[in-house]
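Counting starts at 1 for both ligands and their atoms, following the listed order. For reference, positions follow the sequence shown, starting with 1.
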Amino acid sequence: MSSEQAMGKLKTLAGAEAQDALLARQSAGMIKRYVFPKDTVLFGKGETRQCAYLIDKGEVSIIGNDEGGEDKLLCIIGEGELFGEMALVDNTPRTATAVTNSECEIFVIPRDSLYERVKGLDPIVSLLISILIERYRITRIHLPESVKQDKAGDFINKLSKHERMPEDVLRLRNTEEQRDLALKEMKMEQELRAALEQRQFFPHLQPILNLAERRITGFEALIRWQHPEKGLVFPDHFIPVAERTGVVQHLDRLMLEKACELLPVLQEKAGDQKLFISVNLSGINFETYDVVNSVRRTIMDSGVDPSQIKLEITESALIADPDQAEKVLLGLKALGLHIALDDFGTGYSSLGYLHKFSIDDLKIDRSFVMQLHDGSRSIDIVRAIVALAKNFKLNVVAEGIEKEEDIAALIGLDCDMGQGYFFSKPVPVDGALDFIESNLKKG
Ligand code: C2E
Ligand code: CA
Ligand code: CA
């Protein structure tokens, strides 16, 4: 479209209802995809900003002013491009008009949806984004001389009602809560790094049994933090921060080293009953191939039989970048290790990918096992998961067995192995050795 054509269109559309405010209302804080006919004015110069736009299909003209104040075609933008994005930051008037050149398919991103997304971010990123946006807004508002000297925090109150941003725009300000969360996160990261140096992490071991024979087959190593003031800290309190900060890779490597150290001790106690030990491997490790080399070194240095080591990974590790995950998994399998898919059923459970990856065991999440007898659909879900796993020749491990009756039900569903408080909670090494002894005596 030529500049003249665009101008002509603008003139014919002058006075037509702009879509921006309407779309913001319709979308109610959610990103939505709309089809717009040719010649739709998405937003007009001088209107308050409400939404940003991302073009999926079609073209849009952006029309502003030349030096003489006349309308001027600034650019034509196409698929994959974002425009009108300043609406995400503040609601000062638009400086240009956007008109569709053809039928367009466009994602409309209202300002509210940004708030929701920022809240869901890593607390430090969330705080930083909020502060940057707030500072930007402050510099954009024309400040009377009298308040320019004030502290930034005070000046908004001094603005007349007219000059103030509406409440919804101010919601993104870095609140106390956001600041506290970010501070907590930063402190925790420092603490985790110090604790690693001071060797405050160690594993507890939870036995995994063959259900039909009730015989011990191995242990899962679960990380614990012996905190000098707080005492024993469980992983749910620190693994999420460790994952966001990359510390988890050090923790996972440490647990693998400890597992390799413990395996011969446990195996000696178990005699001819061959045991495995499994460790959890966070999905972050799958971002590069380095983990394969690091695992190889640990296994070689310790001299353990790699077939006695299992790595537990979750579906999310595979889904993020399936090709990369496959490469890493093949590398790990080539070392002779076994792979278990952890927490199965809670994530994406896109069953189609199971055949693609080299997996040996499937661990059914404890939420299903714990509801086996409450009349819910859990029993059907477990039955379906077991059938699927058997189809792919995988072993099935049930987590969270707390009651005797769960065992019979799981055996009936053809589940091979299980772990849970019914057999034993995760325990220190001595407890694990006692468990082996009493379990093998019974057999
Ligand atoms: P997970 O891998 O699913 O581990 C099983 C969790 O279920 C453990 O919690 C275990 O204590 C608990 N559990 C076992 N049997 C039962 C039962 O019968 N009933 C109930 N209610 N719970 C049971 P834990 O030790 O607190 O670990 C929580 C999560 O932290 C683990 O879930 C795993 O995702 C993560 N985690 C633990 N150690 C590591 C580690 O070394 N590296 C990484 N990346 N994550 C770890
Ligand atoms: Ca696990
Ligand atoms: Ca699990």
The Ca ion (ligand 3) to E399: nearest N/O/S atom name: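 So the atom name we want here is OE2.
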Take L205 and F435, measure what side-chain contact (heavy atoms from CB on, under 4.5 Å) needs, and give me the verdict at the end. CA-CA 10 Å; L205 300 168; F435 188 90; over 6 Å; no
Answer yes or no for N280: is there an N/O/S atom below the 3.0 Å cut-off from the Ca ion (ligand 2)? yes
Counting only heavy atoms from other residues, nucleotides and ligands, does the tally under 6.0 Å from CD of E268 exceed 12?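 No - once you tally the heavy atoms of other residues, nucleotides and ligands closer than 6.0 Å, there are 12 at most.
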Out of I223, I239, L281, whose heavy atom sits nearest atom 38 (N) of ligand 1? I223
E312, N/O/S atom nearest the Ca ion (ligand 2):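 Considering only N, O and S atoms, E312 comes nearest to the Ca ion (ligand 2) through OE1.
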State the atom name: nearest N, O or S atom of E220 to the Ca ion (ligand 2).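 It is OE2, the N, O or S atom of E220 closest to the Ca ion (ligand 2).
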Can you sort out which atoms of ligand 1 are near [X], meaning under 4.0 Å from one of its heavy atoms?
{"X": "Q206", "answer": "14 (C), 15 (N)"}
{"X": "D343", "answer": "3 (O)"}
{"X": "G400", "answer": "16 (C), 17 (C), 18 (O)"}
{"X": "V248", "answer": "44 (N)"}

Return the residue, atom name and 0.1 Å-rounded distance of the protein heavy atom closest to atom 32 (O) of ligand 1. L222 CD2, 4.8 Å
So which protein heavy atom does atom 41 (O) of ligand 1 come closest to, and at what separation? M255 CG, 3.2 Å
Record the part of [X] in heavy-atom contact with ligand 1 below 4.0 Å; permitted values are side chain, backbone, both and neither.
{"X": "S282", "result": "both"}
{"X": "R224", "result": "side chain"}
{"X": "M370", "result": "side chain"}
{"X": "D236", "result": "side chain"}
{"X": "D365", "result": "neither"}
{"X": "K425", "result": "neither"}
{"X": "T314", "result": "neither"}

Can you tell me if an N/O/S atom from D342 lies under 3.0 Å from the Ca ion (ligand 3)? yes
Contact check: D343 to the Ca ion (ligand 3), N/O/S below 3.0 Å: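 Yes, D343 qualifies, because one of its backbone or side-chain N, O or S atoms lies under 3.0 Å.
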Are there protein heavy-atom neighbours of atom 4 (O) of ligand 1 below 4.0 Å?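 Yes.
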Are any of the protein's heavy atoms under 4.0 angstrom from atom 11 (O) of ligand 1, yes or no? yes
Under 4.0 Å between a Lys/Arg side-chain N and an Asp/Glu carboxylate O for R193 and E189?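 Looking at E189 together with R193, the answer is yes, because their closest N to O distance falls below 4.0 Å.
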Below 3.5 angstrom, do we get any N/O pair linking D342 and ligand 1? yes
Polar proximity ligand 1 side, R366 side, N/O cut 3.5 Å exclusive: yes
Could a heavy atom of [X] be found less than 4.0 Å from some atom of ligand 1?
{"X": "E220", "answer": "yes"}
{"X": "V279", "answer": "no"}
{"X": "H204", "answer": "no"}

Decide yes or no for E191 and H227: does some side-chain heavy atom of the first lie under 4.5 Å from some side-chain heavy atom of the second?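 Contact flag for E191/H227 side chains = yes.
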Could you label the plane-to-plane angle of the F238 and W225 rings as parallel, tilted or perpendicular, counting under 30° as parallel and over 60° as perpendicular?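 Taking W225 first and then F238, their aromatic rings stand perpendicular (interplane angle over 60°).
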